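Below: the structure, in C-alpha cells.
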Amino acid sequence: MGQSKKVRKVKMSKMAKREERWAWLFIAAPFIGFLCFMAYPIVFAVIASMSKWTGLNSLVDNMCGLGNYIAIFQDEKFWKSLGTTIIYLIGIPIGMLLGLLIAMGMNRKIPGKRMLTTMYYVPVVSSLVAVSILWAWVFNYDYGLLNTIIKFLTGQHGPNWLGDEAWVKVAMIIFMTWKGLGTSVILYVAGLQNIPKDYYEAARIDGANAWQSFKNITMPLVSPVTFYIMITSLIGGLQVFVEVQVMTTNGGTNYSAATVVYYLYDKAFSNGQLGYGCAIAVLLAIIVFIITAINFALQDKWVKTMD
C-alpha cells in the first residue's frame, strides 16, 4: 500500500521517434538563432561596456569596471542627447491623437477610402533614408517647400528649420509624427471597426451626444490599440537615429538634434570608443525596459476591453 507504483514506460514507435527528432530540430533552429543573434550580443555588450575596448585592442586586457558608466553620468553630451530624445517623444501623443481623429473619419462610408488608407500608410513602408532626404529638402532654409509656402503666405522668410537649435527639434517632431501617422491610422481603424454599433445606438437612445459617446465608448474600447501604439512608439522613439544622421550635420548646431543612439554611434564608430558605446547601449536598454515595465504595470488602470 505504502509503495508507489512504478510508472510503465511506453515504447515509442519508429515513426513517433522520427517525429520527435524533427520536432527537436524545429525547436533548435530558433533557439540557436536566439543564442547567436540575441543572447550572445547582449552578454558581449554588457562585458564590453566595462572595458576601454576600441575594436583594435584586447577586450580582456582593458577592463575598467564601472568606469564607463561613471563617465557617462558626468558626460554633458549624454544628458543633452537624452533630453533631446525625450523632447522628440512629444510627437507620440500628437501622432496618436491625429491618427485617432483621421481613423474616425475613415471609419465612415466615404468615397476613395482604400486609396486614402494606402496614402496614409505609404510613408510607413517607404525607405527611412529616402524620406529623410526628401524632408531635409522640405526644411531647407533657402529653397525648401515649407519656407516657400511661408514666404508666399506671410511675406516673411521662414525659420532655419535644421540649422537653429530650437527649430530643429520642431522639424524632427513634425517629420517623425508624419512618418508614424499611417500606423496609428490603420490600427485605430481596425480597433474602431471592432466596436459593435449597438453600443452607439444604445447611447443615442439614452440621450448621449457625440462627445459623450466618444468619451465613454470610443476611447475606452480602443484603449488596447492605444496601449500597443504607445508602447511600440516609445520603444522606437528612444532609438531614433537615421533621421538625425541624414537630416542634420554632426547632430545639428551645438549637438542640438542628437539623440542617445546618435551619440552612441558617434562615440563608438566616429571616436572608436566601442566600450563606451556599449555602456550607453546598456543604459538605454535599461531605460527602455523600465519605461515598458511601468506602462505594463499601469495598463490595468486604463486599458479596457469589451469582455
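Everything numeric here is computed off the predicted structure, so don't read it as measured data.
Within a 6.0 Å radius of OH in Y88, more than 12 heavy atoms belonging to other residues, nucleotides or ligands are found. Other residues, nucleotides and ligands contribute only 12 or fewer heavy atoms inside 6.0 Å of the CG atom of N250. Counting heavy-atom neighbours within 6.0 Å of F78 CZ, excluding the residue itself, gives a total above 12. No more than 12 heavy-atom neighbours from other residues, nucleotides or ligands sit within 6.0 angstrom of CH2 on W24. Atom OH of Y40 has 12 or fewer neighbouring heavy atoms from other residues, nucleotides or ligands inside a 6.0 Å radius.
The shortest heavy-atom contact between S126 and V131 is CB-CG1, 3.8 Å. Nearest heavy-atom pair, P159 versus I150, reported as atom, atom and distance to 0.1 Å: CD-CD1, 4.2 Å. P123 and K179 make their closest contact through O-NZ, 2.7 Å (heavy atoms, listed as atom of the first residue, atom of the second, distance). Among all heavy-atom pairs drawn from T248 and A257, the shortest one is CG2-CB, 3.8 Å. In terms of heavy-atom proximity, N68 sits nearest to K52 at OD1-NZ, 3.7 Å.
Geometrically, K77 engages Y255 in a cation-pi contact, judged by NZ or CZ lying under 6.0 Å from the ring centre and within 45° of the ring axis.
Residues that satisfy the side chain to side chain donor-acceptor pair (under 3.5 Å) test with D198, not counting sequence neighbours, are absent from this structure. Residues satisfying the ring-ring contact (aromatic ring centres under 6.0 Å, His included) criterion with Y200, sequence neighbours excluded, are absent altogether. Remark: S49 pairs with Y69, C278, A279, V282 by the side-chain contact (heavy atoms from CB on, under 4.5 Å) rule, at least two apart or across chains. E165 is linked by a side chain to side chain donor-acceptor pair (under 3.5 Å) to N254, counting only residues two or more places apart in sequence or in another chain. Looking at residues two or more places apart in sequence or on another chain, you find no side-chain contact (heavy atoms from CB on, under 4.5 Å) involving E76. Residues meeting the side chain to side chain donor-acceptor pair (under 3.5 Å) test with D75, sequence neighbours left out: Y263, Y276.
We find the CG-CE distance between N295 and M230 to be 4.0 Å, quoted to the nearest 0.5 Å. Distance check: C64 SG to I70 CD1 gives 9.0 Å after rounding to the nearest 0.5 Å. The CG atom of D206 lies 10.0 Å from the CD atom of Q212; values are rounded to the nearest 0.5 Å. Annotation: the span from I94 atom CD1 to M96 atom CE amounts to 12.0 Å, rounded to 0.5 Å.
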| message | Using ring-ring contact (aromatic ring centres under 6.0 Å, His included), reason through F296 and F227 one step at a time and then give a plain yes or no. | response | CA-CA 9 Å; F296 270 98; F227 177 74; 5.1 Å; yes

| said: For a ring-ring contact (aromatic ring centres under 6.0 Å, His included) check, start with the C-alpha distance between F44 and W53, then their side-chain angles and the critical distance, and finish with the verdict. | reply: CA-CA 12 Å; F44 182 84; W53 183 50; 5.4 Å; yes

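Here the options are V260, T259, I87, the test is side chain to side chain contact (heavy atoms under 4.5 Å, CB included), and the partner is L82; only V260 passes.
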